[in-house]
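So that the names make sense, note that chain A is the first sequence line, chain B the second, and so on, each numbered from 1.
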Amino acid sequence: MLDKTFDPKTAEPRLYQAWEASGGFAPTDDPNAEPFSIVIPPPNVTGSLHIGHALNNTLQDVLIRFERMRGKAALWLPGTDHAGIATQMVVERQLAQAGNQSRRDMGRDDFVAKVWEWKAQSGGTIVNQLRRLGASCDWSRERFTLDEGLSAAVRKVFVQLHKEKLIYRDKRLVNWDPHFQTAISDLEVEAREVDGHYWHFAYPLEDGSGEIVVATTRPETMLGDTAVAVHPDDERYKAVVGKAVRLPIVNRPIPIIADEYPDPEKGSGAVKITPAHDFNDFAVGKRHSLPMINIFDDFARINDNAPPEYRGLDRFEARKKVIAAFEELGLLREIEKTRHTVPHGDRSGVVVEPYLTDQWYVAADVLAKPAIKAVEEGDTVFVPKNWEKTYFEWMRNIQPWCVSRQLWWGHRIPAWYGPSLDPEAKDKHTAKVFVAETAEEALDEARRFYGPDVAVEVDDNFPGWEKVNGVFSKVRLKQDEDVLDTWFSSGLWPFSTMGWPEKTSDLARFYPTHTLITGFDIIFFWVARMMMQGLHFTGEVPFKRVFINALVRDASGAKMSKSKGNVLDPLELVDEFGADALRFTLTAMSGQARDIKLSRQRIEGYRNFGTKLWNASRFCQVNGCARAEGFDPAAVKAPLNRWIVGETQRTAAAVTAALDGCGFDETANGLYRFIWNQFCDWYVELAKPLLTGADEAAKAETQATAAWVLDVILKLLHPVMPFITEELWQQTADLGAARAERQLMTARWPDLPASLVDAAADAEIGLIIDTITEGRSVRQGLNVPLSAQPPLLVIEARPEQRAVLGASAALVARLLRVSGVEFVEAAPAGSIPFVVDGATLALPVAEFIDIAAERARLTKEVASLAGEIEKTAKKLGNADFIARAPEEVVEENRERLADAQAAKAKLEAALARLQTV
RNA sequence: GGACGUGUAGCUCAGCGGGAGAGCACCUCGUUGACAUCGAGGGGGUCACAGGUUCAAUCCCUGUCACGUCCA
């Protein structure tokens, strides 16, 4: 017999191992099976499973298990992302803690070797955590973004985009992270609102005729000012445009220029222009050909372009010193408090600086066009659809994508530099770039470029050349030091993981993938990039559907964060409640476009749901419910069995439709209601007399039906609660006829015909359920003691209702705790009537009850019916309603009115009788 | 400033043109042969506010207020 409860702790690892060993996670190789594929949003290799992963991966697993059971060749391709900055950060921190050398002291090769070493040791953490969740990924296909195959794809993409002029090198302002000393993309910048100040500085006019006041939140940048700008229409400054001011501290004359950029309404209307350290100023500088003076080094310390006393100062130190200097010079006009947004690095948390550097850019606007079109035309659809707006908004305003990063961990940019043939070129050692997939190819290209008389080799440490008689005799190429943005490689994920650019069978079969399930926070970072790169390189969308899952928050709606201490660790929750309970909770709460506020209580409730199912199965087992050979659900006779068969069909159809459309919450809620409120609460209770009764045929039929329903339940619930269902499947394997499938995970999804629904059985069981429910309400409302067992009196009822109530007397007796069902002409004095579906029933319990309480109950009921009658009558009295509303709505209201009037009359009569008692 | 989303029972949310729902919490009763991780019953809501469309509005439209998120 089944144990009293399911023990997830011991069962889950055992079941998972069995699944994995069975090979069932891999897609079937049946060539007739329709392919269905999902690629995992690769978690950072540094990561450990947080609740957001748990949600995202649960939904993917629900979908993949569903499609697998539907007989498709279901592939869920897993893997991890090398996560450039994040991983480098983690390893650097660990090296520091262990008292090791810093990255720079170590050197590139040794450091990268360390990271690989670290990855080998702890990189598998998150993957194993996914196993604990029950994720049925095909681990034989697991990929890592730095795998050789994926790296080859990255190089090929880079080279091809370069050939197409969609990747280019450019000197412009980037968001510079001084902590990591790397460029980061716009998306990695987080605007934080902080308290700050506007410092109003006076710049004296060169000719001594006055001053012009500018305000800034970043005083230190004045060291790099190369102009002051005013609006051309600003009358106040018309006279000074074209003159110069003498920049204090620096003592440099800079022009006053007219440009549309300054807003005359703001501040003094004049703004300082620092082209090398502000995005707006950069544009102004370009328009006016202003010099661009960079005043920072890579650490955002002041460099040698500033006066000597500032050199080497940290930017914030420099700020203080600049302000002090202005004060001393008597040029500090005002300090104004303000709240403003300041860009921060999302990883480092430090203030990022606009910084003038050479970087590699992708012409994202070109790649975006087909990606926009694909969504416009429905080749890829978003669920929920409104996320398409977000996608369009960003894609239509897309900026060049800075893809180079000054890091060591990642895909090194496949570009090699050599000297220009022009001896006067700037950056003379690296003025010529050769972009190629391998060093050999770069060398070949370089040989062609420099000619047959020049020896060419790669030497990262000693770039340069040797000359004989003024011409090159030997050239040494140096590979670009930088690596690519992590998202550059994740953007290839749907096809690089399947072996592209090789024409693999996986690529042919599983690309494009079907559904991508991910969070809205990476629509720009990832979804958009996959769309762009996927379309460009494969000519097809990478996925046909994108399901955007919600964000998980704590029970009070706050974003979970370690610093707030409100993090719910999914693994602890799995330990405490089992993976199924967590999965069910996340699935039930995954309502679209909404935050999920997770509470332990909710998980506990769904753990209880599992226990409920477990015990219902136990009940069935104890009562000999075994599968019957050749059982045909359409052929059952007992109304109760016909009813549950119909309900099972309805549920199966609803769940199938819901899962088809990513309606995860509907799926979970529908199953919960069916299993608990229909199967357990009513079917099992109503079946008890049949299972213990003398009618052997009815008993056998009920046993077989219960076993059949349970098998369907296990299948339907399996995608959401795989462990407990698989365990029940295994443990009930020996009950009755053998099943076609020994393993539930790969069993066939139920496909039941709608003809299994029997309206007559529905009506019959509905009447019994309503009778019991109403009767209980009367009993308990009047505090009739449990020991009291009056008969149930049927006073007025339609013939078919009489038949049903008569036939189910034993059932009603048991569940309503009455002695039996009796048919009488009129309600005896002191009996308590109630109305069910137009039938008048009564319980003769006068001696047990408080007359006043009963009077109160009836009065209340009558009043509520009166309200309903008034409302409905008013509606029916409206000629427009009769004329314009659909006939069935009018009819429904007529019936409602008639029912309410009849019920009210009956209860009023009862109330009148009660007055005389 | 722009975009999107959300305001429904004490809490978390579902419903989204025709009788206000669930889970939890709360109150009462209950250990009857699956289950106290349980069963039965009950209380509790001007569906944010104001207009409009409609025979009919929690649901559609407009505006207001509040909250959230993203982009400037």
Comparing A:Ala191 and A:Glu393 on RNA chain B - which has the more 5′ nearest nucleotide: A:Glu393
Using atom C1' in both nucleotides, what's the gap between B:G17 and B:U54 to the nearest angstrom? 9 Å
Looking only at atom P, what distance separates B:G10 and B:G18, rounded to whole Å? 24 Å
Between C1' on B:C4 and CZ on A:Phe382, what's the gap in Å once rounded to a whole number? 14 Å
Considering every strand and a 4.0 Å limit on heavy-atom distances, what is the contact class for A:Gln601: base, sugar-phosphate, or nothing? sugar-phosphate
Phosphate OP1/OP2 of B:C4: any A:Lys389 side-chain N/O under 4.0 Å: yes
Whole angstroms only, please: what is the CD1-P distance between A:Ile772 and B:G41? 10 Å
With a 4.5 Å heavy-atom cut-off, do A:Met531 and A:Val546 have their side chains touching? no
Of B:G18, B:C71, B:A20, the nucleotide closest to the side chain of A:Lys871 is B:A20
Test A:Phe524 against every option in A:Phe392, A:Trp394, A:Trp487 by the ring-ring contact (aromatic ring centres under 6.0 Å, His included) rule and name the one that passes. A:Trp394
Could you pick out which residue, A:Trp394 or A:Asn783, lies toward the 5' side of RNA chain B when each is mapped onto its nearest nucleotide? A:Asn783
With the side chain of A:Arg884 defined as its heavy atoms from C-beta on, choose the nearest nucleotide among B:U69, B:A72, B:C55. B:C55
For RNA chain B, list all stems, counting runs of three or more consecutive pairs where every pair is Watson-Crick or G-U wobble with both distances under 3.5 Å. B:1-7 with B:65-71, B:10-13 with B:21-24, B:26-30 with B:38-42, B:48-52 with B:60-64
Looking only at atom C1', what distance separates B:G30 and B:U8, rounded to whole Å? 33 Å
Is a side-chain donor or acceptor of A:Asn669 paired with a backbone partner of A:Asp665 at a separation under 3.5 angstrom? yes
Nearest whole angstrom, please: distance from the C1' of B:G23 to the CZ of A:Phe584. 11 Å
Gap between atoms CD1 and P, on A:Ile882 and B:G18 respectively (whole Å): 18 Å
Have A:Asn641 and A:Tyr683 got a donor and an acceptor in their side chains that come within less than 3.5 Å? yes
Is any N or O donor-acceptor pair between the side chain of A:Arg602 and the base of B:G23 shorter than 3.5 Å? no
Looking only at heavy atoms, what is the nearest atom pair of A:His277 and A:Leu173, with distance? N-CD2, 4.3 Å
Over all heavy atoms of both residues, which pair between A:Ile603 and A:Ala581 is shortest? Give the atoms and the distance, please. O-CB, 3.8 Å
Whole angstroms only, please: what is the CG-C1' distance between A:Leu786 and B:U31? 12 Å
Whether A:Glu892 and A:Lys875 form a salt bridge (side-chain N of Lys/Arg under 4.0 Å from carboxylate O of Asp/Glu) is what I want to check. no
If we take the C1' atom in both B:C29 and B:A48, what is their distance in whole Å? 38 Å
Take atom CG of A:Asn878 and atom P of B:U54, then tell me their distance rounded to the nearest Å. 14 Å
Between A:Lys871 and A:Glu868, does any NZ, NE, NH1 or NH2 come within less than 4.0 Å of an OD or OE carboxylate oxygen? no
The salt bridge (charged side-chain N to carboxylate O under 4.0 Å, His left out) partner of A:Glu576 among A:Lys9, A:Arg600, A:Arg607 is A:Arg600
What is the distance, to the nearest angstrom, from the CG atom on A:Asn669 to the P atom on B:C13? 14 Å
Write down the distance between CD (A:Glu888) and P (B:G17), rounded to a whole number of angstrom. 16 Å
Using a 4.0 Å heavy-atom cut-off, does A:Ala883 contact any base of the nucleic acid, only the sugar-phosphate backbone, or nothing at all? nothing
Produce a footprint string for nucleotides 32-40 of chain B: one letter per nucleotide, 5' end first; B if the base is under 4.0 Å from any protein heavy atom, S if only the sugar-phosphate is, - if neither. B-BBSBSSB
For B:A20 versus B:U28, give the span between their P atoms, rounded off to a whole number of Å. 30 Å
Taking the ring of A:Phe577 and the ring of A:Tyr606, is the distance between their centroids below 6.0 Å? no
